[in-house]
Amino acid sequence: MSSALIADLRARGLLFQLAGEEALPGWLDGGMRTLYCGFDPTADSLHIGSLVPLLTLQRFQRAGHRPIALVGGATGLIGDPSFKAQERQLNTPEVIAGWVDRIRDQVSRFIDFDAGPHSALVVNNLDWTQGMDVLTFLRDIGKHFSVNAMVQKESVRQRIEREGAGISYTEFSYMILQALDFAELAGRHDCTLQLGGSDQWGNITAGIDLARRLHGKQVFGLTLPLITKADGTKFGKTESGTIWLDPARTSPYAFYQFWLGAADADVYRFLRFFTFLDVAEIEALERADAGRQGRPEAQGVLAREVTRLVHGDEGLAAAERITRCLFEGDLAMLSAEDFAQLRLDGLPASALDRATLPGSLTQALVEAGMAKSGKQVKDALGSGAVLVNGQPLSWEDNADPAGCFAAARALHGRFYLVRLGKKKYHLFEAP
RNA sequence: GGAGGGGUUCCCGAGUGGCCAAAGGGAUCAGACUGUAAAUCUGACGCGAAAGCUUCGGUGGUUCGAAUCCACCCCCCUCCA
């Protein structure tokens with residue numbers, strides 16, 4: 001049934017560590033198994049860092065197993081210290097509860113709830129922790145943990161040993177809560193495998209120990225690699241910040257563009273991590289690209305596949321429509337309807353009132369969110385990197401926003417597509 | 001409670017009375033080169049179109065002048081009790 005799954009995960013580079021390596025493939029082959037991965041609410045949306053575990057849950061489900069997505073309504077109240085340099089600020093229970101709802105909906109889109117016996121579940125660890133009193137926790141759970149062992153965990157070591165850091169008892173207790181989750185799910189749902197990022201190893205093994213002590217059960221753990229970029233910069237961030245899964249935070253267009261911009265040195269690895277394409281297919285694509293002149297096709301495939309997974313066919317269509325218009329088409333070819341569609345598709349846009357324009361172009365573009373400061377716009381103007389409907393502006397135009405947005409310059413009498421640099425676009429629409 | 005160390009611009013990290021809007025590195029932005037890639041090179045990088053304005057945990061003070069000195073307060077770390 002699925003030692004093939006393990007082989008596939010390995011071929012994709014998705015296996016970082018395995019707890020119970022000898023027994024796990026056989027265990028998975030022996031029947032439908034239940035596995036889980038936790039997602040803590042640290043914001044009202046997950047970001048692409050959570051995509052790898054989400055898709056891995058789906059890979060297991062496709063292989064005939066039953067996935068549980070756990071939303072950390074309880075653990076989110078505490079904060080995971082694993083490999084975090086500093087103690088984190090606590091959010092109020094109300095805020096966390098709101099985030100839990102959002103995250104629950106989000107994770108639900110990545111697993112199938114209508115798959116017969118291996119239909120997915122979503123659970124919230126608040127359900128079995130909020131009713132537990134302190135003494136029960138300390139006597140029944142805490143007694144199974146050795147502080148000596150806990151302080152040895154790599155994940156909290158720097159917080160304990162490093163000068164200038166430190167860790168509160170609250171955060172230190174986090175791993176006990178997560179261990180309790182695993183033990184609880186092992187008891188409730190016969191869950192025998194936990195997935196997580198490589199930073200979760202310490203928490204996962206703590207859970208494995210607790211499940212054995214509490215239920216006498218052997219359970220397994222699997223960690224996924226940290227996604228890195230070849231150039232050493234952090235994966236998942238761009239100039240405009242984190243890439244979120246929520247379309248209201250990161251539009252499908254921006255999302256698509258993010259993947260399209262993947263470096264050659266990363267893209268084939270990303271295809272293995274973030275898509276369901278066969279490893280053989282990806283290898284074939286890599287070979288084909290190597291023999292091709294100029295631009296490889298891999299980035300396009302990656303952007304298409306991942307955008308479809310996260311935003312569906314419609315989101316993908318919108319993203320591709322915008323991309324075609326901005327990077328491949330001729331602006332003059334666009335109809336008024338096309339412009340309206342671009343706005344609907346999620347191209348950054350705002351209304352423009354010619355009567356109340358600010359005193360300078362820098363201010364206008366900063367207000368529209370195209371740049372963080374006027375200096376950046378100034379710099380771009382100086383190098384001819386600001387274009388209105390395809391016409392470059394110069395530094396002299398800065399004091400004359402009315403001229404820049406003159407009616408004569410508008411397309412279809414009201415649209416101004418402003419480009420700053422190579423990739424930043426903003427659509428202004430006059431009434 | 002006691003002793004010591006520390007809080008600098010997004011991050012790391014120099015700076016101990018004027019030459020400091022504050023070294024250096026990273027990240028980021030723009031340009032050149034390209035393939036909406038990487039590497040490399042160039043410029044920018046507190047805010048402001050500019051004049052100028054506001055920063056170095058907080059509040060006061062000393063001084064012609066303070067990130068730098070003093071007082072008090074807040075927060076963090078280490079060791080001791």
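Chain identifiers are assigned alphabetically (A, B, ...) following the order of the sequence lines, protein sequences preceding nucleic acid strands; residue numbering begins at 1 within each chain.
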Exercise. Taking atom C1' in both B/C10 and B/C45, compute the distance separating them and give it to the nearest angstrom.
Key: 11 Å

Self-check item: Whole-Å P distance, B/A22 and B/G31
Solution: 26 Å

Quiz item: In whole Å, what separates the C1' atom of B/G13 from that of B/U8?
Solution: 9 Å

Quiz item: With sequence neighbours left out, which residue pairs that include part of residues 6-18 of chain A fulfil the salt bridge (charged side-chain N to carboxylate O under 4.0 Å, His left out) condition?
Solution: A/D8-A/R12, A/R10-A/E21

Quiz prompt | Qualifying salt bridge (charged side-chain N to carboxylate O under 4.0 Å, His left out) pairs, either residue in residues 394-412 of chain A, two or more places apart | solution = none

Practice problem: Could you list by number each residue of residues 247-266 of chain A showing a heavy-atom separation from RNA chain B of less than 4.0 Å, or answer none if no residue does? | Solution: A/Q257, A/L260, A/A262, A/A263, A/D264

Quiz item: Mind checking the C1' distance from B/G46 to B/U9? Whole angstroms is fine.
Solution: 7 Å

Quiz prompt | Distance between P atoms of B/C70 and B/U16 (Å, rounded) | solution = 14 Å

Self-check item: Distance in angstrom units between A/E367 CD and B/G48 C1', rounded
Solution: 13 Å

Exercise. Check every atom of B/A49, B/G31, B/A30 against the side chain of A/A380 and return the nucleotide holding the closest atom.
Key: B/A30

Quiz: residues 137-147 of chain A side-chain donor-acceptor pairs under 3.5 angstrom, not counting sequence neighbours:
from	atom 1	to	atom 2	distance (Å)
A/H144	NE2	A/D140	O	3.3
A/S146	OG	A/N148	N	3.2
A/S146	OG	A/A149	N	2.9

Pairs under 3.5 Å (N/O, protein and nucleotides 41-43 of chain B):
from	atom 1	to	atom 2	distance (Å)
B/G43	N2	A/D379	OD2	2.8

Self-check item: Separation between the C1' atoms of B/C69 and B/G15, rounded to whole Å
Solution: 16 Å

Quiz item: How would you list all residue pairs meeting side-chain hydrogen bond (donor to acceptor under 3.5 Å, both in side chains) that involve residues 269-286 of chain A, not counting sequence neighbours?
Solution: A/D266-A/R269

Quiz item: Partner of B/U40 by Watson-Crick or G-U wobble geometry, both contacts under 3.5 Å, or none?
Solution: B/A32

Quiz item: Can you name the side-chain contact (heavy atoms from CB on, under 4.5 Å) partners of A/D127, sequence neighbours left out?
Solution: A/N124

Quiz item: Are A/R295 and B/U36 close enough that a side-chain N or O sits under 4.0 Å from OP1 or OP2?
Solution: yes

Output side-chain donor-acceptor pairs under 3.5 Å for residues 257-265 of chain A, partner residues at least two apart or in another chain, one line each.
from	atom 1	to	atom 2	distance (Å)
A/Q257	NE2	A/T323	OG1	3.1
A/D264	OD1	A/Q299	NE2	2.9

Exercise. Give every residue pair that meets the ring-ring contact (aromatic ring centres under 6.0 Å, His included) criterion with at least one member in residues 353-407 of chain A, sequence neighbours excluded.
Key: A/F405-A/Y416, A/F405-A/F428

Exercise. Taking only the side-chain heavy atoms of A/K378 (C-beta and beyond), determine which of B/A50, B/G31, B/U28 contains the nearest atom.
Key: B/A50

Quiz item: Looking only at side chains, do A/N91 and A/W99 share a donor and an acceptor under 3.5 Å apart?
Solution: no

Self-check item: Complement of B/G52, any strand, by Watson-Crick or G-U distances under 3.5 angstrom
Solution: B/C47

Quiz prompt | Nearest-angstrom distance, P atom, B/A14 to B/G25 | solution = 15 Å

Self-check item: Watson-Crick or G-U counterpart of B/A71, or none if no pair lies under 3.5 Å
Solution: B/U59

Quiz item: When rounded to the nearest Å, what value does the distance between C1' atoms of B/C20 and B/G65 take?
Solution: 13 Å

Quiz item: Taking atom types as modelled, is there a side-chain donor on A/Q200 or A/N203 under 3.5 Å from an acceptor on the other?
Solution: yes

Quiz prompt | Pairs satisfying ring-ring contact (aromatic ring centres under 6.0 Å, His included), at least one member in residues 300-334 of chain A, at least two apart | solution = A/F255-A/H311, A/F327-A/Y425

Quiz item: Would one find a side-chain N or O of A/K423 under 4.0 angstrom from OP1 or OP2 of B/A37?
Solution: yes

Quiz item: What's the NZ-C1' distance between A/K424 and B/G31, to the nearest Å?
Solution: 13 Å

Practice problem: Return the value, rounded to whole Å, for the distance between atom CG of A/L381 and atom P of B/G48. | Solution: 14 Å

Self-check item: Atom-to-atom span, CG of A/L365 to P of B/A30 - whole angstrom
Solution: 13 Å

Self-check item: Pairing partner (Watson-Crick or G-U wobble, both distances under 3.5 angstrom) of B/G1
Solution: B/C80

Atom pairs, N/O to N/O, protein against nucleotides 8-11 of chain B, distance under 3.5 Å?
none

Quiz item: Restricting to pairs with a member in residues 291-308 of chain A, which pass salt bridge (charged side-chain N to carboxylate O under 4.0 Å, His left out), not counting sequence neighbours?
Solution: A/D289-A/R292, A/R292-A/E297, A/E305-A/R308, A/R308-A/D313

Exercise. Provide the Watson-Crick or G-U wobble partner of B/G24, both distances under 3.5 Å; none if there is no partner.
Key: B/C12

